[in-house]
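Data block below; observations after.
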Amino acid sequence: MIDENKDMSTQEIQHSLTQVMEIPDIYFNGFQLLLGNSDLNALLLRNNFPVARLNMSFTTAKTLLVHLEDLMQKLERVTKHDIMTTMEVNEGLQTLTTEQGQHEE
């Protein structure tokens, strides 16, 4: 492994660590996407409340898509388990609600 920090001074390393520590950790479990004429905008949601906004070029969005797909495919391959999308979970919940309603009648 190449040590990219070997030429950095202690002060530069401390400055880099300070910058990293100031980056907020954001958890989200939903999102809304919008397309502009030159970029993609994502509103990140946690329990349906906005927590952050992301703006990225089309090229960055497409590259992110490729890398996310690759990671998810690897996870599903090694775990031998398909991860459900929120659309699939919602469909299952609707089926469950319908079944419960039929049993109550």
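Pairs of residues two or more places apart, or lying in two chains, that qualify as salt bridge (charged side-chain N to carboxylate O under 4.0 Å, His left out) and include a residue from residues 55-73 are Asp70-Lys74. Pairs passing the salt bridge (charged side-chain N to carboxylate O under 4.0 Å, His left out) check and including a residue from residues 87-100, sequence neighbours excluded, do not occur.
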Between side-chain atoms of residues 27-44 and protein atoms elsewhere (two or more places apart, or another chain), which donor-acceptor pairs fall under 3.5 Å?
| unit_1 | atom_1 | unit_2 | atom_2 | d |
| --- | --- | --- | --- | --- |
| Asn29 | OD1 | Asn47 | N | 2.8 |
| Asn29 | ND2 | Asn47 | OD1 | 3.0 |

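Residues Phe58 and Leu65 fall into different hydrophobic clusters, defined by Ile, Leu, Val, Met, Phe, Trp and Tyr side chains chained together at heavy-atom separations under 4.5 Å. Under the 4.5 Å side-chain heavy-atom criterion for grouping Ile, Leu, Val, Met, Phe, Trp and Tyr, Val66 is not connected to Met56 through any hydrophobic cluster.
Here the straight-line distance linking atom CD of Gln73 with atom CD1 of Ile83 works out to 12.5 Å at 0.5 Å rounding. For the atom pair OG1 of Thr86 and CG of Leu93, the computed distance is 10.5 Å after rounding to the nearest 0.5 Å.
Across Ile26 and Ala52, no two heavy atoms sit closer than the pair CD1-CB, 3.6 Å.
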